[in-house]
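FYI, side chains are in, hydrogens and waters are out, and symmetry mates aren't considered; it's all heavy atoms of this structure.
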Amino acid sequence: LIWSDIWMLILNACEDCINVQDSSCMWGQCKLDEDDSKTLIQVINKILDAEKIELASRVCTIFNHQCTDLAIINFCKWLTDCNVENKSLHQYRSVTKNFTKCQELEDIVLSSTDSDLSNPNVITEILKKCIMQVNFGKRVCEKIVLYYKLSSLINQDYETILKENDEIGLLKTLIEGSAQNPDLLTLAKELIVFEKINDDQIAQFILNEVWPTLESSSEIDSTQETNTNTSFLTLIRILYNPSILGKKFMDILKTEVSPQISVQVCIKAHECFTLASNVEGIALVLRTVRTLVTQHLAEKNDYSLMIQLLIGIGRYSEMSYIFNILKENHKFELILRKGNYKLNQLRVALLDYLKGDKEMYPLIALNFSMHREIAEMLESMALKTLKSLNFKKHQNLMCFKDELKRVLQEFIDAAESYKKADCYNRSDYCEKMAELVALQINFLPSSIVIINLGENTVSDFIAKHSKFYEVR
C-alpha cells in the first residue's frame with residue numbers, strides 16, 4: 001500500500017468511529033499529551049487534504065483543537081453560502097468560536113468591509129487571499145474559488161452547482177456561453193485541469209456537440225465555413241491532445257456516411273491533427289481525402305464538395321490534383337465563387353498553379369484584385385517580346401508593327417495596373433516604355449531603330465541624330 005491508501009483507510013476508520021451527524025459526543029472532553037497532539041495535527045492535515053471538511057471539524061471539536069486552515073476553509077464556505085442573508089463580518093465574528101486565535105483569518109477579515117460582501121469580484125479576491133494562507137486543504141479552497149467564479153459568470157446558484165457534481169454538464173454550459181463571454185472558455189480549461197477530466201471524455205463531448213452540425217451540413221459559403229472552423233478551433237483548444245478527437249472523427253468514416261458528412265469529418269479531423277502537430281494524422285487525412293475525391297466525388301462530378309474540401313483543409317500543394325480535375329473539366333470558375341477572394345493562401349496557391357497560363361492567370365489575378373501581379377505579368381511579357389525582336393535581320397521593319405502594337409498595349413495595361421496597386425515608380429517606368437515603343441512604331445517606315453540598342457549603338461545613334469525633337 002502507498003501512503004495515500006493508508007491515510008484513506010485511516011479516514012474511513014475515523015468516519016466509522018466519529019459519526020459526523022451524531023451530536024451526542026462529549027465535545028472537547030478528549031485530552032491529549034504533546035506527542036498525541038502532534039499526531040492529531042498530522043491526522044487533521046491529512047483529513048483536510050482528503051477534502052473531508054465535516055470530519056475535520058468534528059475531530060477538532062472533540063479534541064478542542066484550533067486549526068487555522070480549517071477556520072479559513074469555513075470562512076470561505078460562509079462567504080459563498082447563498083442561504084446566509086445580509087452577511088456582515090461582525091455576524092461572522094459572533095458565530096465563529098475563538099475567531100481571534102486565527103491571526104491569518106483575522107487579517108483577511110479586518111482588511112475587508114461589509115459592503116465588499118455584495119460584490120462577487122471582491123469576494124473572489126478575498127477567497128484568493130484565503131488560498132494563499134492555507135497550507136492543508138488547499139484544494140478545497142481552490143474548488144470554492146473556481147466554482148464561485150463559475151456560478152457568478154453563468155448566473156447559477158453556487159450550492160446547486162456543487163450538489164449536481166456534473167463536470168461535463170458544467171463544461172457544456174461554459175463552452176456554449178464562451179461565444180458571448182471568452183472568459184468562460186478560460187474557466188472551462190481551469191475546470192478541466194482541476195477536476196482532472198481526461199481528454200477522451202472531452203473529445204467525446206465535443207464530438208457529440210459537433211455531430212448535429214455535421215448531419216445538417218450542406219454547401220455553405222466560405223465566409224460562413226471560415227467562421228464555423230474558427231469556433232471549432234477555439235473549442236478543440238481545451239483539449240490537451242486534440243489528436244484523440246481527430247481519431248474519433250476518422251473512425252466515423254469507417255461507417256456508412258454521406259459524402260457531405262465525409263467532407264466535414266475530414267476537415268474537422270485535419271484541424272485536430274494540425275493543432276496537435278500530428279504528422280501521421282495529417283498524412284492519414286490527406287490519403288483519405290484523395291481517395292474520397294478520386295473514387296467518389298470526381299465520378300459524381302461533385303465539384304462543390306471538392307472545393308469545400310480544398311478550402312477547408314487548405315493544403316493546396318498536396319491537393320493540387322483538385323485543381324487539375326477542375327481545370328480538365330472546365331469548372332475552374334467555381335473556385336472563384338463569392339467569398340473566396342478573402343482567402344490569401346488560396347489566392348497565392350492559384351496564382352502559383354497557373355503561372356504560365358496566359359488565359360487563366362489574368363482571370364484569377366483580376367478576380368482577386370491582384371493588380372500588382374497582373375502588372376508584373378504584363379510587363380514581363382512585353383519585355384520578353386521586345387527582347388526577342390531582331391531588327392537587324394529585316395530590311396522592312398513594318399513586319400514588326402503588329403507585335404509592337406501588342407507590346408505597347410501590354411505596357412499601357414501594366415502601367416494602369418501598377419497605379420491601382422499604388423506602385424507609382426513601376427507605373428512610371430511602364431509609361432515611358434510605352435512611349436518608347438510608340439515612337440518606334442512611328443519610325444518603322446523610315447527604318448530607324450530606337451529599341452534594343454547596345455551602349456555603343458546608342459552613342460552612334462546620338463551622334464547621327466544631333467537634333468531629335470521627340471526626346472523629352
Side-chain angles (χ1 to χ4, degrees), residues 214 217-230 232-233 236 242-243 245-247 249-254 257-357 359-361 363-365 367-368 370 373:
L214 297 183
S217 63
S218 58
E219 184 177 354
I220 54 177
D221 61 53
S222 60
T223 303
Q224 182 181 350
E225 188 174 296
T226 301
N227 293 336
T228 302
N229 286 345
T230 301
F232 178 72
L233 274 174
I236 63 177
S243 291
L245 179 58
K247 292 174 182 176
F249 275 120
M250 295 306 291
D251 287 341
I252 294 175
L253 297 178
K254 296 177 182 178
V257 291
S258 67
Q260 289 82 1
I261 292 180
S262 297
V263 167
Q264 290 297 321
V265 164
C266 288
I267 293 172
K268 295 289 187 290
H270 176 262
E271 296 287 1
C272 295
F273 290 130
T274 301
L275 187 61
S277 300
N278 187 329
V279 178
E280 292 182 1
I282 294 171
L284 173 62
V285 172
L286 292 176
R287 289 196 301 271
T288 304
V289 166
R290 190 177 189 109
T291 302
L292 177 62
V293 170
T294 57
Q295 297 184 10
H296 299 282
L297 301 183
E299 290 182 0
K300 296 180 180 179
N301 297 327
D302 204 334
Y303 304 112
S304 61
L305 285 182
M306 288 186 207
I307 295 172
Q308 197 173 337
L309 261 178
L310 180 69
I311 295 174
I313 291 178
R315 294 188 177 270
Y316 303 109
S317 298
E318 295 92 332
M319 300 172 67
S320 59
Y321 57 88
I322 293 181
F323 288 145
N324 295 336
I325 294 173
L326 293 173
K327 193 175 181 182
E328 290 168 3
N329 291 275
H330 308 289
K331 298 294 181 179
F332 217 86
E333 70 278 1
L334 294 178
I335 210 166
L336 306 179
R337 62 184 179 176
K338 183 180 178 182
N340 287 349
Y341 64 88
K342 297 180 180 179
L343 305 174
N344 291 329
Q345 288 183 331
L346 174 62
R347 179 178 63 183
V348 173
L350 282 172
L351 293 177
D352 185 61
Y353 175 78
L354 294 171
K355 274 184 179 178
D357 190 323
E359 294 183 4
M360 292 297 296
Y361 189 95
L363 176 64
I364 299 298
N367 180 81
F368 287 112
M370 299 179 71
E373 286 76 5

Return the [atom1] to [atom2] distance between [X] and [Y], rounded to the nearest 0.5 Å.
X      : Y      : atom1 : atom2 : result
Ser258 : Leu214 : OG    : CG    : 9.5 Å
Met319 : Asn324 : CE    : CG    : 12.5 Å
Asp352 : Ser317 : CG    : OG    : 7.0 Å

Angle between ring planes, Tyr353 versus Phe323, binned at 30° and 60°: parallel, tilted or perpendicular?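 Taking Phe323 first and then Tyr353, their aromatic rings sit tilted (interplane angle of 30° to 60°).
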
Angle between ring planes, Phe249 versus Phe232, binned at 30° and 60°: parallel, tilted or perpendicular?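 Perpendicular.
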
Do you know the tightest heavy-atom contact between [X] and [Y]?
X      : Y      : result
Ile322 : Met306 : CD1-O, 3.7 Å
Ile236 : Pro242 : O-CG, 4.1 Å
Met250 : Ala269 : SD-CB, 3.6 Å
Ile335 : Ile307 : N-CD1, 3.8 Å
Tyr316 : Ile311 : OH-CA, 3.9 Å
Ile261 : Val257 : CG2-CB, 4.1 Å

Got more than 12 heavy atoms from elsewhere within 6.0 Å of CD, Gln345?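 No, CD of Gln345 has 12 or fewer neighbouring heavy atoms, counting only those of other groups under 6.0 Å.
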
Is there a side-chain contact between [X] and [Y] in this structure, where contact means two heavy atoms from C-beta onward sitting under 4.5 Å apart?
X      : Y      : value
Cys266 : Leu309 : yes
Asn301 : Tyr303 : yes
Leu326 : Asn329 : no
Gln308 : Gln264 : yes

What pairs of donor and acceptor atoms, side-chain ones from residues 279-300 against any protein atom, are under 3.5 angstrom apart with sequence neighbours left out?
from: Thr288; atom 1: OG1; to: Leu284; atom 2: O; distance (Å): 2.8
from: Thr291; atom 1: OG1; to: Arg287; atom 2: O; distance (Å): 3.1
from: Thr294; atom 1: OG1; to: Arg290; atom 2: O; distance (Å): 2.7

By salt bridge (Lys or Arg N to Asp or Glu O under 4.0 Å) - contacts of Lys331 (at least two apart):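 Checked Lys331 against salt bridge (Lys or Arg N to Asp or Glu O under 4.0 Å); zero matches.
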
